[in-house]
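Only one structure is covered here, and it is reproduced in the block below.
These numbers come from a predicted model, not from an experiment. A note on names: the letters A, B, ... follow the listed sequences, proteins ahead of strands, and every chain is numbered from 1.
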Number of protein chains: 2
Amino acid sequence: MTERTGDTRERIKEVALELFSEQGYEQTSLREIAERLGVTKAALYYHFKSKEEIVRAFVEDRVGQLAELIEWVKSQPPGPQTRTAFLQRYAASIDIGKQHSIMRFFQENQPALKSMEIGERMRERMLDLVEVLAGPDADPVSKLRTAFSVFVLHGGPFLLRDSGITDEQRRSAAMQLALELAGHPTPAEQRAEGATR
Amino acid sequence: MTERTGDTRERIKEVALELFSEQGYEQTSLREIAERLGVTKAALYYHFKSKEEIVRAFVEDRVGQLAELIEWVKSQPPGPQTRTAFLQRYAASIDIGKQHSIMRFFQENQPALKSMEIGERMRERMLDLVEVLAGPDADPVSKLRTAFSVFVLHGGPFLLRDSGITDEQRRSAAMQLALELAGHPTPAEQRAEGATR
DNA sequence: GTCTATATTAAGATAGAC
DNA sequence: GTCTATCTTAATATAGAC
């Protein structure tokens with residue numbers, strides 16, 4: 001065979017994600033992706049029927065992971081302990097492979113994703129996640145606190161990129177703030193806690 | 001005169017900002033802006049020499065406001081009290097006119113802004129702001145906490161847009177979390193506080 | 001599965017009349 | 001100050017040979 005099975009498709013996804021997350025979706029042309037891979041644009045169209053299809057391919061990977069994470073949260077008792085335990089799992093899930101790039105791409109390319117159905121799916125998943133984490137009857141402030149606890153893990157390290165510290169220190173600082181936010185009980189949880197004492 | 005002085009230029013800025021912040025910079029064509037105004041593209045080019053120049057015009061407004069806010073912070077004693085007082089001023093500054101749209105545009109169009117010098121200026125201003133608010137010797141977690149206290153005011157209300165609550169309740173929830181984050185003293189501030197007791 | 005060549009389209013931008 | 005008309009460019013996408 002002329003090449004290892006499925007390899008080219010994966011390499012296109014990887015290079016595209018790298019460029020899309022670094023430069024932006026609209027700022028990256030298929031020509032650029034093709035050149036980086038040492039092929040022509042036409043080759044890309046053999047593997048994907050459009051530019052948007054490439055996005056769909058790697059965002060779907062992340063949507064699948066989120067579905068699993070959401071199921072895990074649902075299987076746990078609601079509350080601050082589950083939220084803080086979740087953040088450890090979530091951090092691990094973005095630190096492997098290209099998941100962190102996917103989240104950065106998702107954050108920074110909302111206008112482009114608005115017209116894609118995969119963007120809508122991703123957005124809904126993130127909202128679902130916050131919903132199950134905070135609990136359906138959480139007040140708005142608690143929902144925000146929960147949403148930002150997750151958000152800090154993506155955006156925090158990036159925000160600290162100009163400080164003279166290591167990646168590991170950035171991740172650690174983000175995790176510390178995330179835990180602080182997630183550990184805060186909602187009013188509903190406080191009432192429940194008081195009732196069982 | 002055929003029209004009220006400077007009016008058209010301002011109307012272009014307004015319409016462009018509205019479309020750029022709702023749909024994205026790349027997703028909005030000059031044709032669309034012109035149509036909305038009831039003129040042709042050529043008319044836009046009489047007032048602005050490029051699409052990017054329109055962005056520069058309204059982002060510069062915000063950069064100027066930020067400079068003033070930063071000066072105010074510098075004039076105050078550093079610490080949690082100044083940070084919380086600042087957030088009130090900051091919230092007021094984005095609630096007037098189109099400043100909130102400018103910040104949304106800034107957040108959601110980072111890839112497009114990356115190649116514009118006005119984007120760089122804006123980014124630097126925001127980093128300066130966090131620097132003076134948190135204090136130069138703040139640890140990474142405190143810097144993050146401070147950065148997110150400001151960020152919550154932009155992003156928080158937008159994140160809660162699907163909850164069945166009013167705009168006012170959204171703003172209030174965002175402010176509450178922002179104050180919680182900004183009110184937290186940094187380790188350096190805690191030491192200084194202990195020393196003066 | 002990848003190439004060359006090309007179709008198609010729409011954007012940003014300009015020239016010059018009025 | 002705004003128009004019509006046009007230029008220029010570069011992108012996504014496709015046809016068909018190899």
Side-chain angles (χ1 to χ4, degrees), chain A residues 1-59 105 109 111-119, chain B residues 1-59 105 109 111-119:
Chain A
M1 65 186 81
T2 146
E3 99 164 64
R4 312 179 283 305
T5 58
D7 226 14
T8 303
R9 197 170 196 273
E10 286 307 307
R11 284 175 60 227
I12 294 171
K13 274 170 63 177
E14 276 174 40
V15 169
L17 171 56
E18 192 178 328
L19 292 172
F20 289 168
S21 64
E22 277 171 14
Q23 309 180 331
Y25 177 75
E26 306 284 358
Q27 287 71 21
T28 305
S29 66
L30 294 178
R31 177 190 51 71
E32 201 173 354
I33 296 169
E35 271 171 15
R36 177 80 70 107
L37 284 163
V39 297
T40 64
K41 284 187 292 174
L44 304 186
Y45 279 98
Y46 174 80
H47 294 280
F48 296 93
K49 78 177 209 297
S50 71
K51 189 182 182 184
E52 179 173 338
E53 275 294 296
I54 305 179
V55 170
R56 200 160 78 85
F58 60 68
V59 173
F105 169 77
N109 291 273
L113 285 160
K114 204 163 186 175
S115 63
M116 305 184 195
E117 74 98 29
I118 188 68
Chain B
M1 62 187 81
T2 147
E3 96 167 66
R4 311 180 282 308
T5 59
D7 226 15
T8 303
R9 195 169 196 274
E10 286 306 307
R11 284 175 59 229
I12 294 171
K13 274 170 63 177
E14 276 174 41
V15 169
L17 171 56
E18 191 177 329
L19 292 173
F20 289 168
S21 65
E22 277 171 14
Q23 308 181 333
Y25 177 74
E26 306 285 358
Q27 287 71 21
T28 305
S29 65
L30 294 177
R31 177 191 49 72
E32 201 173 355
I33 296 169
E35 271 172 15
R36 176 81 70 105
L37 284 163
V39 298
T40 64
K41 282 190 293 175
L44 305 185
Y45 278 99
Y46 173 80
H47 295 279
F48 296 93
K49 78 177 208 297
S50 70
K51 190 182 181 185
E52 178 173 339
E53 274 295 296
I54 306 178
V55 170
R56 199 160 78 84
F58 60 68
V59 173
F105 168 76
N109 291 274
L113 285 160
K114 205 163 185 174
S115 65
M116 305 185 196
E117 75 97 30
I118 189 68

Of the nucleotides [options], which one has an atom closest to the side chain of [X]?
X      : options                 : value
Y46(B) : dT12(D), dG1(C), dT2(D) : dT2(D)
V39(B) : dA13(D), dC3(C), dC3(D) : dC3(D)
S29(B) : dC3(D), dA11(C), dT2(C) : dA11(C)

Determine: side-chain N/O of [X] to OP1/OP2 of [N], distance under 4.0 Å, yes or no.
X      : N       : result
Y45(B) : dA13(C) : yes
R31(A) : dA10(D) : no
T40(A) : dT2(C)  : no
T8(B)  : dT2(D)  : yes

Would you mind reading off the distance between [X] atom [atom1] and [N] atom [atom2], rounded to a whole angstrom?
X      : N       : atom1 : atom2 : value
I33(B) : dG12(C) : CD1   : C1'   : 11 Å
Q27(B) : dA11(C) : CD    : P     : 12 Å
L44(A) : dG1(C)  : CG    : C1'   : 12 Å
R9(A)  : dG1(C)  : CZ    : P     : 12 Å
E32(B) : dA10(C) : CD    : C1'   : 13 Å
L37(B) : dC3(D)  : CG    : P     : 10 Å
E35(A) : dA11(D) : CD    : C1'   : 13 Å
L30(B) : dT8(D)  : CG    : P     : 19 Å

**Q.** K51(B) side chain vs Y25(B) backbone, donor-acceptor pair below 3.5 Å
**A.** yes
Q.
Under 4.0 Å between a side-chain nitrogen and a carboxylate oxygen: does that hold for E14(A) and R11(A)?
A. no
Q | Sub-4.5 Å side-chain heavy-atom contact between K13(B) and F48(B) | A | yes
Q) Would you say I12(B) and V39(B) make side-chain contact, with heavy atoms under 4.5 Å? A) no
Q: Only pairs at least two apart or in different chains count here, so list each salt bridge (Lys or Arg N to Asp or Glu O under 4.0 Å) that has a residue in residues 22-31 of chain B.
A: R31(B)-E35(B)
Q: Calculate, to the nearest 0.5 Å, the distance between atoms CG and OG1 belonging to L37(A) and T8(A) respectively.
A: 8.5 Å
Q: Look at the rings of F105(A) and F58(A) and say which category their plane angle falls in: under 30° parallel, 30 to 60° tilted, over 60° perpendicular.
A: perpendicular
Heteroatom pairs (N/O) under 3.5 angstrom, protein to nucleotides 6-8 of chain C:
none

